[in-house]
Amino acid sequence: MKIATWNVNSLNVRLPHVLEWLSRAGPDVLVLQEIKQVTEAFDVNSFSAAGYRSMASGQKTYNGVAVISRGEATDIVTDFPGYADPQRRILVSTIDGVRVVNLYVPNGHSVGSEKYEYKLGWLAALNAFLSGELETHEKLVVLGDFNIAPDDRDVHDPEKWGEDILCSPPERAALQGLIDLGLSDVFRQFEQPEKTFSWWDYRAAGFRRNAGLRIDLILASRALSDACGASYIDREPRTWERPSDHTPVIAEFSV
DNA sequence: ATGGTGGTCCAACCA
């Protein structure tokens with residue numbers, strides 16, 4: 001199974017990019033974040049014409065997640081049980097025997113802000129949810145825009161970023177809490193070029209200067225991480241006309 | 001050191 005994640009920053013704008021990338025990369029599963037459209041506006045037909053099934057959990061203007069897959073998606077979950085949240089940030093399903101958890105983790109704005117507290121609370125709810133999912137699904141992958149750079153290697157200028165948002169110790173501790181459930185960051189199972197990132201700020205020529213972060217992650221349970229043959233980031237869509245500020249992150253599993 | 005870009009939707013919010 002070849003699986004990928006991409007924050008598209010508006011599917012209305014980026015649909016042509018997504019279709020182009022699907023045709024070039026041919027993943028079995030592609031999960032999207034920030035589709036920024038209501039579920040009813042999600043264009044299932046464009047994906048079925050490309051040979052994919054698809055579904056979305058959308059909302060107006062902000063957030064919104066979608067899953068595009070060759071195989072059928074079953075046992076769909078769109079909310080953490082017991083955690084009421086109008087923001088559409090998760091889409092969980094089982095595809096070809098793999099539990100696929102698509103996430104758009106809150107950004108958090110700045111350390112100590114109200115949005116930051118929401119982010120940490122959301123991550124606690126995620127931890128509780130995944131703890132349960134891991135009990136019932138041996139093959140589980142958690143992927144998406146985590147809005148957390150795991151460590152200094154994932155930051156273009158660690159001195160400058162310091163312990164700011166996306167890099168603060170409580171955020172990194174929350175990510176470690178997920179790892180401690182029995183998940184691993186498959187990108188780091190392989191030799192990677194230095195300064196490989198998945199997001200570059202539109203401002204201040206971030207991409208031209210490679211001033212980026214690796215905040216789009218693929219975490220896999222033991223049964224899957226053992227079966228992971230490759231994980232890499234495809235920078236190319238970030239070079240296209242009118243790009244998303246994120247680029248696809250891919251993992252290949254022999255399942 | 002500051003301000004820079006982009007999406008949604010038209011003023012202001014979010015990233």
Side-chain angles (χ1 to χ4, degrees), chain A residues 5-21 30-43 46 56-66 68 85-91 102-123 126 143-150 154-168 170-172 174-175 197-217 233-249:
Chain A
T5 176
W6 194 2
N7 178 323
V8 293
N9 185 24
S10 167
L11 188 56
N12 288 321
V13 173
R14 235 66 67 187
L15 180 62
H17 284 199
V18 174
L19 293 170
E20 175 65 22
W21 192 78
L30 171 63
V31 305
L32 305 177
Q33 304 85 35
E34 283 203 273
I35 66 170
K36 294 186 173 178
Q37 61 190 179
V38 295
T39 304
E40 297 70 37
F42 180 74
D43 186 3
S46 287
S57 178
Q59 72 177 84
K60 188 172 153 65
T61 311
Y62 301 119
N63 311 311
V65 284
I68 300 160
D85 186 355
Q87 301 190 29
R88 302 293 81 199
R89 296 181 175 277
I90 69 166
L91 188 49
N102 176 17
L103 301 181
Y104 177 45
V105 176
N107 171 282
H109 186 258
S110 56
V111 175
S113 67
E114 228 171 84
K115 292 193 176 78
Y116 183 72
E117 295 308 318
Y118 165 64
K119 180 178 195 172
L120 295 180
W122 195 95
L123 287 165
L126 170 65
L143 74 172
D145 179 356
F146 280 69
N147 270 315
I148 302 171
D154 304 309
V155 181
H156 69 94
D157 187 346
E159 290 286 316
K160 176 166 176 274
W161 276 82
E163 298 188 348
D164 286 352
I165 194 67
L166 313 184
C167 297
S168 75
E171 292 168 85
R172 286 176 168 171
L175 177 61
F197 305 123
S198 65
W199 168 86
W200 299 262
D201 203 316
Y202 286 124
R203 295 166 289 188
F207 186 62
R208 185 180 55 71
R209 299 186 294 117
N210 195 33
L213 301 175
R214 188 176 69 95
I215 54 177
D216 299 272
L217 310 178
I233 296 176
D234 182 1
R235 289 169 56 97
E236 202 185 330
R238 191 62 175 78
T239 70
W240 294 347
E241 187 100 11
R242 207 178 177 193
S244 169
D245 46 351
H246 296 250
T247 208
V249 180

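So that the names make sense, note that chain A is the first sequence line, chain B the second, and so on, each numbered from 1.
- Taking atom OH of residue A:Tyr118 and atom C1' of nucleotide B:dA15, one finds them 14 Å apart after rounding to whole Å.
- With rounding to whole Å, A:Gln33 atom CD is found 14 Å from B:dA15 atom P.
- Straight-line distance between the C1' atoms of B:dG4 and B:dA15: roughly 14 Å, to the nearest whole Å.
- Nucleotides B:dG3 and B:dG7 place their P atoms 23 Å apart, quoted to the nearest Å.
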Quiz item: Pairs counted as Watson-Crick or G-U wobble with both distances under 3.5 Å: what dot-bracket string results for DNA chain B, using | for bases tied to another strand?
Solution: ....((((...))))
Find every protein N or O atom lying less than 3.5 Å from an N or O atom of nucleotides 4-6 of chain B, and list the pairs.
{"from": "B:dT5", "atom 1": "O4'", "to": "A:Tyr202", "atom 2": "O", "distance (Å)": "3.2"}

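- Put simply, CH2 on A:Trp6 is 21 Å from P on B:dA15, counting in whole angstrom units.
- In this model, the phosphate group of B:dG7 is not approached by any side-chain N or O of A:Thr61 to a distance below 4.0 Å at OP1 or OP2.
- Under the 30°/60° scheme for interplanar angles, the aromatic rings of A:Trp6 and A:His17 are found to lie parallel.
- For the atom pair A:Thr5 OG1 and A:Leu30 CG, the distance stands at 7.5 Å (nearest 0.5 Å).
- OP1 or OP2 of B:dC14 lies within a sub-4.0 Å distance of a side-chain N or O belonging to A:Lys115.
- Taking the P atom of each, B:dT2 and B:dG6 are spaced 23 Å apart, rounded to whole Å.
- Across the protein-nucleic acid pair, A:Leu11 atom CG and B:dT8 atom P stand 10 Å apart, rounded to whole Å.
- Between A:Lys119 and A:Val105 the shortest side-chain heavy-atom distance falls below 4.5 Å.
- A:Asn9 and A:Lys36 share a side-chain donor-acceptor pair at under 3.5 Å.
- One atom, CZ of A:Arg88, and another, C1' of B:dT8, lie 19 Å apart when rounded to the nearest Å.
- Using a 4.5 Å heavy-atom cutoff, the side chains of A:Leu126 and A:Arg89 are not in contact.
- In this structure, A:Tyr104 OH and A:Arg88 CZ are separated by 14.0 Å, a value rounded to the nearest 0.5 Å.
- Each of A:Leu166, A:Leu123, A:Leu103 was checked for a side chain to side chain contact (heavy atoms under 4.5 Å, CB included) with A:Phe146, and the lone residue meeting it is A:Leu103.
- Between A:Ser10 and B:dT8, a side-chain N or O to OP1/OP2 separation shorter than 4.0 Å is present.
- The neighbour count for A:His109 NE2, taken as heavy atoms of other residues, nucleotides or ligands under 6.0 Å away, does not exceed 12.
- Computed from coordinates, the A:Arg89 CZ to B:dC14 C1' distance equals 10 Å when rounded to whole Å.
- Residue A:Lys160 is the one, among A:Ile35 and A:Lys160, whose nearest nucleotide of DNA chain B lies closer to the 5' end (criterion: closest heavy atom).
- At whole-Å resolution of the value, CD in A:Gln59 and P in B:dT8 are 13 Å apart.
- With 3.5 Å as the limit, one finds a donor-acceptor pair spanning the side chains of A:Asp234 and A:Trp21.
- Put simply, OH on A:Tyr104 is 5 Å from P on B:dA15, counting in whole angstrom units.
- Atom C1' of B:dC9 sits at a distance of 13 Å from the matching atom of B:dC14, rounded to the whole Å.
- Atoms CG and OG, from A:Leu213 and A:Ser198 in turn, are 7.5 Å apart once rounded to the nearest 0.5 Å.
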